[in-house]
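Step one of this worksheet: look at the structure below.
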Amino acid sequence: MRDFSQLLDGLVYTRSRNGKLKLIGDYLREAPDPDRGWAMAALTGDLNLPHVKSAAIRGIVEERIDPVLFAMSRDFVGDLAETVSLLWPKPEGLPPEIDSGMLRLSTVIERILTLGRGEAPRALAAMLDQLDASGRYALLKLATGALRVGVSARLAKTALAQAFGLDVDAVEEVWHGLKPPYAPLFAWAEGKGVQPTPADVPVFRPFMLAHPLEELRVDLADYAAEWKWDGIRVQLVRTGGETRLYSRAGDDITSSFPDVAAAFTIDAVLDGELLVRGAHQGAALAEGEGAASFNALQQRLGRKTVSARALADYPAFVRLYDILFDGPEDLRGLGWSERRQRLDRLAPRLDPARFDLSPVIEAADFAALEEIRAGARDAAIEGVMLKRRDSPYVAGRRVGLWYKWKRDPLTADCVILYAQRGHGRRSSYYSDYTFGCWTAEGELLPVGKAYSGITDEELRWLDHFVRTNTVQRFGPVREVEKSLVLEIAFDSIHASKRHKSGVAMRFPRIARIRRDKPAAEADTIEALERLIS
C-alpha cells in the first residue's frame, strides 16, 4: 500500500498533466502484478468494492473516535477519508510506527472482495490498524471509490500507453474486453503476450470528439452541419449475438436502457445521441423531431434496473450520427460523407420507434447557418456540429476535423443561500454554492447549485464571504446571509416537480460575482419560468 499511497499523494499535489502522466507511468513500470492492475482499475473508476460504503466507514469510526470530535474535525477538514486517516487511533499492542508496506494493494482489494456486507467493515478496521495515515487515506479512498486526484480514465490509460510504448487508442480498443487486474493487458505491454483481441466481443471504441468553434468560420462546401442534440452520446455495439450500449466515458449502460438494446439487432457499431421521446409522439419518429428535454432523460439515467412504468413513461431512442463498423467491416478510415451514405443505407433496417437519423442542416452559407442556429431554442437542441466531409473517424479531438458550436448560454442573477466544502484540493474551501431566486411572495427558493466558473482568487474571496456571513450550520453546510448575487450561466431550464421552486437548470456555472447588485434586484422564478424551452 505504501507505493500506491505515495502515488495518490503525488497526484493530489501535482497540477501539470505531464507530471501526472510520469507519476502513473513510473508506478506502473515498477509495481508488481496484480497490484498495478488494481491501481489502474481504481484510477479509471473500474474498481467496485460494494460492501464498504461511507455509512459503514462512519460505523466503525463511531466505535473508535469520540463522535463530537469527529464531527468537528469532519466539518473543518471537509473530507471523510482524510478525517478518518488523521484521527484513527493506534490500537494498543502494536508498535508506534506502522509500516504501510506490510499490506499489498492486491491483498487488501482481494480480501475485501471476498467478504460479505457484515464482515467487510470489520476487516477494513483491522487493515486501518496496520497502516500509517497516508496508507489509511489511500485505503479509504479505494473503499469509497472517490479518489478525486485529478486523473480521468483517459489520462490513466494514456499514462499506461506512454509507459510501455503503446498506442493509447489501441489500449482503449481492448480495455472493455478485459477485467481487473488486466493481466493480459500488462503481458502485452511488456512484450510477454499477444495483444488482446476484441473479436466477437461487443467492446467500446473511443469516440471522436470536437473542438469548440470559438471565432473560427468554416466553408460549408468542406463541412457538413447537423444539430448537437441535448441527450447523452452513446455507442451501440452488437457482435457475437450480444448488444451493449456505452456512454462517452466507456461505461456500460445497457442495463439502464434495455428497450434500446433489445431493439438493436444488426451487427454494427453506431454513434448517436440517446434521448427520450417527447410527449404525444407516435410509434415512429419523424426525422429530427420527437425528442424531449434532457430533464426527461434524467428520469432514466443511472438506474441499474428500470421499472415498467419508467419504460412506458420515458421511452428512449437513439438519434444516429455515425457508423464505425458495418458487420466486421471497419469504416472508421472512410471520410464522413462515405460513412454517412453507409449509415443512410443501414438506418431503414432499424426499428423506427427506437432509431432515427440526425438530419443534416441545409444552409446556403455560414451566415445563413448563423441565423438558423440563433433561432434554435428547442429543448432538445444544444447547438450545432460542424464535421469536415472528408474526415475519418479518429479517437479524441483532432484539429480541423470536427467542431462544436454550442448555443449561447442563458443567464440569471441569483442569491447565494448555502455553501458546502469542496473535494480534493478544494476541501479546505467552501466552494459549492446553492443559489435561489425570488417568488412573487418575496421568498427565496433554491434553483440550482454550482461550483465551476470561478478563478482561484474568486474562490478565496467567496470562501471568506461564507465564513464571515454564516447564519446557521448544518454539518459541512453553511447557510449564509442572503446578500450576495451571483450571475449564473446555464444551457437551458426545465420545469421540475422534484424542486420546490418548480424549475431545474441544465449545466449551471458561475459567470461572475455581482458585488454591485443588491440581493433584492436578483431575478424571480417567474422570469426563469419564461425561459423554459
Side-chain angles (χ1 to χ4, degrees), residues 54-55 58 70-80 82-83 146 148 295 298 409-491 493-529:
S54 297
R58 287 192 291 269
F70 178 74
M72 293 173 63
S73 301
R74 172 72 171 81
D75 179 48
F76 181 81
V77 174
D79 181 88
L80 175 65
E82 187 174 359
T83 306
R148 294 192 182 95
N295 190 51
Q298 281 186 310
L410 301 168
T411 61
D413 290 332
C414 307
V415 180
I416 182 172
L417 306 177
Y418 306 99
Q420 186 173 355
R421 287 182 181 273
H423 299 282
R425 72 183 188 89
R426 286 187 166 193
S427 61
S428 296
Y429 296 97
Y430 286 92
S431 62
D432 296 14
Y433 312 105
T434 299
F435 45 84
C437 288
W438 296 102
T439 66
E441 293 76 26
E443 181 184 5
L444 279 170
L445 291 182
V447 296
K449 184 176 182 180
Y451 54 85
S452 62
I454 53 176
T455 65
D456 288 347
E457 182 179 352
E458 289 172 326
L459 170 62
R460 289 190 289 270
W461 190 91
L462 283 168
D463 179 74
H464 179 72
F465 171 85
V466 170
R467 293 175 187 275
T468 56
N469 291 274
T470 297
V471 295
Q472 284 195 83
R473 300 188 186 195
F474 307 93
V477 178
R478 292 194 181 198
E479 182 182 358
V480 299
E481 179 184 323
K482 314 304 185 295
S483 60
L484 181 63
V485 175
L486 301 177
E487 182 180 314
I488 302 297
F490 51 97
D491 287 0
I493 193 163
H494 311 288
S496 173
K497 294 180 181 178
R498 296 171 57 191
H499 299 82
K500 187 177 180 181
S501 63
V503 296
M505 290 179 173
R506 171 93 158 120
F507 288 143
R509 59 267 191 196
I510 301 167
R512 57 178 173 149
I513 304 170
R514 294 296 308 271
R515 301 184 222 183
D516 60 313
K517 189 163 192 172
E521 295 179 13
D523 281 312
T524 65
I525 290 174
E526 182 182 3
L528 293 183
E529 290 173 341

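Nothing fancy with the numbering, it's 1 onward along the sequence. Please read all numbers here as calculations on a predicted model, not as lab measurements.
- Counting heavy atoms of neighbouring residues, nucleotides and ligands inside a 6.0 Å radius, atom CD of E458 exceeds 12 of them.
- With values rounded to the nearest 0.5 angstrom, L410 atom CG is found 13.0 Å from R506 atom CZ.
- Nearest heavy atoms, K517 versus V485: O-CG2, 3.5 Å.
- Closest non-hydrogen pair, P508 versus F435, comes out as CB-CZ, 4.0 Å.
- Between F465 and E481, the closest heavy-atom pair is CZ-O, 4.1 Å.
- With respect to D463 and R467, a salt bridge is recorded, a charged nitrogen being found less than 4.0 Å from a carboxylate O.
- Residues I493 and F490 share a closest heavy-atom pair of CB-CE1, 3.9 Å.
- To the nearest 0.5 Å, the span separating OH on Y429 from CD1 on I454 amounts to 11.0 Å.
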### Task
Check step by step if side-chain contact (heavy atoms from CB on, under 4.5 Å) holds for K482 and L417.
CA-CA 6 Å; K482 314 304 185 295; L417 306 177; 3.5 Å; yes
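- A distance of 8.5 Å separates CD in Q420 from OG in S431, rounded to the nearest 0.5 Å.
- Between L444 and W438, the closest side-chain pair of non-hydrogen atoms falls below 4.5 Å.
- A distance of 7.5 Å separates CZ in R58 from CZ in F70, rounded to the nearest 0.5 Å.
- Shown here for S483 and V415, the closest heavy-atom pair between the two residues is N-CG1, 4.2 Å.
- Under the side-chain contact (heavy atoms from CB on, under 4.5 Å) test applied with Y433, the options I488, V466, V480 reduce to a single match, V466.
- Annotation for A522 and D413: closest pair CB-O, 3.5 Å, computed over non-hydrogen atoms.
- In this structure a side-chain-to-backbone donor-acceptor pair under 3.5 Å is missing from D432 to G422.
- Side chain of E521 to backbone of P518: no donor-acceptor contact under 3.5 angstrom is found.
- Between L462 atom CG and I510 atom CD1 the span is 6.0 Å, to the nearest 0.5 Å.
- Contact annotation: the side chain of H499 never approaches that of V447 to less than 4.5 Å [non-hydrogen atoms, C-beta and beyond].
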### Task
Give the C-alpha distance, both sets of side-chain angles, the deciding distance and a yes or no for salt bridge (Lys or Arg N to Asp or Glu O under 4.0 Å) between D491 and R509.
CA-CA 9 Å; D491 287 0; R509 59 267 191 196; 2.7 Å; yes
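- In summary, of the residues considered (T439, I525, L528), a side-chain contact (heavy atoms from CB on, under 4.5 Å) with S501 occurs for I525 alone.
- If you take CG on L486 and CZ on R515, they are separated by 11.0 Å, rounding to the nearest 0.5 Å.
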